[in-house]
2 protein chains.
Amino acid sequence: MSTREKQSAITGAFAAEFVKSPSLRKAHRPRSISEQIADEVGSDILDGVFGTNRRVGEQDLAERFQVSRGPVRDAIRILEKRGLVEIFPRRGAFAVEHSLTLIADMFNVQATLTGLVARCYVMSITPAGIAEVETEIAKFREMDNSKNIDIIEFTFQSARIFGAMKRHCKNEYLVRIMGSVTDESLWDFMWRRQPLDYLTKDQRSQGIAKWEEIVDAARDGDDKKAEGLAQQILYDSRDNVLETMKKSRPESISADRLLTNSKTK
Amino acid sequence: MSTREKQSAITGAFAAEFVKSPSLRKAHRPRSISEQIADEVGSDILDGVFGTNRRVGEQDLAERFQVSRGPVRDAIRILEKRGLVEIFPRRGAFAVEHSLTLIADMFNVQATLTGLVARCYVMSITPAGIAEVETEIAKFREMDNSKNIDIIEFTFQSARIFGAMKRHCKNEYLVRIMGSVTDESLWDFMWRRQPLDYLTKDQRSQGIAKWEEIVDAARDGDDKKAEGLAQQILYDSRDNVLETMKKSRPESISADRLLTNSKTK
DNA sequence: ATAAAGTCAATTGTTGACAATTGACAATTA
DNA sequence: TAATTGTCAATTGTCAACAATTGACTTTAT
């Protein structure tokens, strides 16, 4: 077994932060053991813990988390739907290759879906829809002006802005897909990489300004503009995260292949 | 138990067609029992079999398919990642509400992702990428000119064109997400609704022409144009399918809310 | 020495039983 | 009567054992 040996059970440092900020999670939906296992293993995959031997064995995880194979099977299925492992019937699950390309691809998909959310949001805009998003934006600005800034809370609040937008985008299928597939793993990953983006007040203002522009576009009914703005938010995050990762991983590949946002517009 | 009573086991008429056209499936990836259960139950959900009582009980399905609850649990997880059921921990799974809105939402998401595939395809275009897609398009044209036209084969061949494009789109994460989440359920559904679109030779030509335009756009390196064309293909399918469904369900809701492709472009 | 066939340990798929939780109904009390 | 609490059947979560399959290794024959 080549996976990292750690008897951390299901209460890692990262899982603890979930508990500290439960308001982001759906109310009355406790995180099951399977989800917690999936969170930890998913983090490991994105961190590149699974090396050349990319096997994710059921027995291995069962022993690591001190549970039986049942919950582990569920966890592996969760990781598959997040696109972090591939399951080959009767042969087992394998972690996807850890690379900057993978991270970039995830952000690019997320950017497209976020853009669609913004477009749907604008196309079915209501006064309540505008108000709720503005409320969350206001909270962000408030945090931004307070003395003690909590980096983690910034990312949570940023997610709440998008959450309000999702609540009013009138495409429940899209919201469901995003929530269970790309969203969580992406945010989880960003929560550990993104803080560097929020170090300066300027950068924070720049980020929040785009959300405000989306609301402005909503008032104008310009769904295409909102879509582009939302995509750009994710593209900016992508570039920042990749930049951070490249600094700590000098052997990384060239960045050309990582860009998906078209320049021919 | 309010679900439809049918002791069809895992070899329904629909599953049989899979076997008849295995080339579309990934080679060496046999369909597991769980996947077959998910296929049948997913079809039922899209057909609206689960009425006001939308519960999808594990025991019910286990008895219906004559297996234990293990594979059924897997099947329900598959349905969740396809966005067809919602799972509430310790409370069970519930089928999403069957409505034209759901179908439209699925197509709209699929259109966006298909557009992204096309854009990635163009942005990383290679001679081989052009050749393979053109080969599949040629097969379609060949079928179109032959005497005995097989409606089912048309849809399969149409999927092969898109499959070739996915193979060259250089975003494995996107392909993985589409394959395991939105793609199969959408195609499964279309395979039973779409044939009406291919009744006339004109309509078939019109459909295939868009794919050819995408290849042309690839030669020009116009990824934005390819994205729009790909989206339009799905929007056309959406409109046809919805039209078909509305004829058989006169009580359906107004169509305004179903459209997501922007008119402001 | 090479290739084919056979063997076997490791791993996943499946099963049935047991534990824990939930939501509804009934009993109790103010 | 209305609200609260207690009880219980139904359902999902978890577990350990068994069955089936796979991939690698060994053996064997040419």
Side-chain angles (χ1 to χ4, degrees), chain A residues 1-3 5 9-11 15 22 25-41 50 52-81 84-96 180, chain B residues 1-3 9-11 15 25-41 50 52-81 84-96 180:
Chain A
M1 126 173 212
S2 70
T3 65
E5 289 281 359
I10 54 177
T11 47
R25 298 273 152 211
K26 288 175 189 169
H28 308 296
R29 259 204 82 177
R31 285 189 88 61
S32 67
I33 292 179
S34 307
E35 283 175 322
Q36 296 178 48
I37 293 175
D39 283 343
E40 278 214 19
V41 177
F50 293 83
T52 51
N53 173 20
R54 284 149 53 207
R55 173 174 219 110
V56 182
E58 296 182 357
Q59 192 61 43
D60 292 348
L61 294 184
E63 288 168 6
R64 169 174 160 190
F65 292 99
Q66 296 292 313
V67 293
S68 102
R69 279 174 48 219
V72 169
R73 279 178 70 88
D74 282 355
I76 290 178
R77 299 307 191 277
I78 292 175
L79 290 172
E80 188 203 26
K81 89 180 171 191
L84 296 180
V85 305
E86 272 184 296
I87 297 177
F88 300 91
R90 296 198 177 273
R91 299 204 319 131
F94 295 83
V96 300
S180 76
Chain B
M1 106 182 227
S2 69
T3 65
I10 53 178
T11 47
R25 297 276 149 208
K26 287 175 188 167
H28 308 297
R29 258 203 82 175
R31 285 187 89 61
S32 66
I33 292 180
S34 308
E35 283 175 321
Q36 295 177 51
I37 294 176
D39 283 343
E40 278 215 18
V41 178
F50 294 83
T52 51
N53 174 19
R54 285 148 54 206
R55 173 172 220 115
V56 183
E58 295 182 356
Q59 193 63 41
D60 291 348
L61 293 184
E63 289 168 4
R64 168 174 160 189
F65 291 101
Q66 295 292 315
V67 294
S68 94
R69 278 175 48 218
V72 169
R73 279 178 71 88
D74 283 353
I76 290 178
R77 298 305 189 279
I78 293 175
L79 289 173
E80 188 202 24
K81 86 180 171 191
L84 296 180
V85 304
E86 272 184 296
I87 297 177
F88 300 90
R90 297 205 175 271
R91 300 205 319 135
F94 295 82
V96 301
S180 76

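Just so you know, these numbers come straight off a predicted model, no measurement behind them.
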Output the rounded distance in Å from CZ (A/Phe88) to P (C/dG13).
13 Å
Whole-Å gap separating P (D/dT14) and CZ (B/Arg69)
11 Å
Testing D/dG13, C/dT15, D/dC15 for proximity to the side chain of B/Arg73, the answer is D/dG13
Quick one: does A/Arg73's side chain get under 4.5 Å of B/Arg73's, heavy atoms only?
no
Rounded to whole Å, how long is the line connecting atom CG of B/Asp74 with atom P of C/dT12?
13 Å
Would you kindly give the CD-to-P distance between A/Gln36 and D/dG13, to the nearest whole Å?
14 Å
Between C1' of D/dG13 and CD of A/Glu35, the distance in whole Å
13 Å
Checking B/Ile37, B/Val96, B/Val41 against B/Leu79 for side-chain contact (heavy atoms from CB on, under 4.5 Å), the one that qualifies is B/Val41
Please list, for nucleotides 8-11 of chain D, all pairs of protein and nucleotide N/O atoms separated by less than 3.5 Å.
| from | atom 1 | to | atom 2 | distance (Å) |
| --- | --- | --- | --- | --- |
| D/dT11 | O3' | B/Arg55 | NH2 | 3.1 |

Distance check needed: D/dT14 C1' versus A/Ile37 CD1, whole Å only.
11 Å
Please answer whether the main-chain N or O of A/Ala95 pairs with a side-chain N or O of A/Arg54 as donor and acceptor at a distance below 3.5 Å.
yes
Going by heavy atoms in the side chains, are A/Val72 and A/Phe65 under 4.5 Å from each other?
no
Quick one: B/Ile87 CD1 to C/dT22 P, roughly how many Å, whole number?
17 Å
With A/Arg69, which residues qualify under salt bridge (Lys or Arg N to Asp or Glu O under 4.0 Å), at least two apart?
A/Glu58
From CD of A/Glu80 across to C1' of C/dT12 the rounded distance in Å is 14 Å
Just verifying a value: how many Å separate A/Ser32 OG and B/Ile87 CD1, rounded to the nearest 0.5 Å?
9.5 Å
Do any side-chain nitrogens or oxygens of A/Arg77 fall under 4.0 Å of OP1 or OP2 in C/dG13?
yes
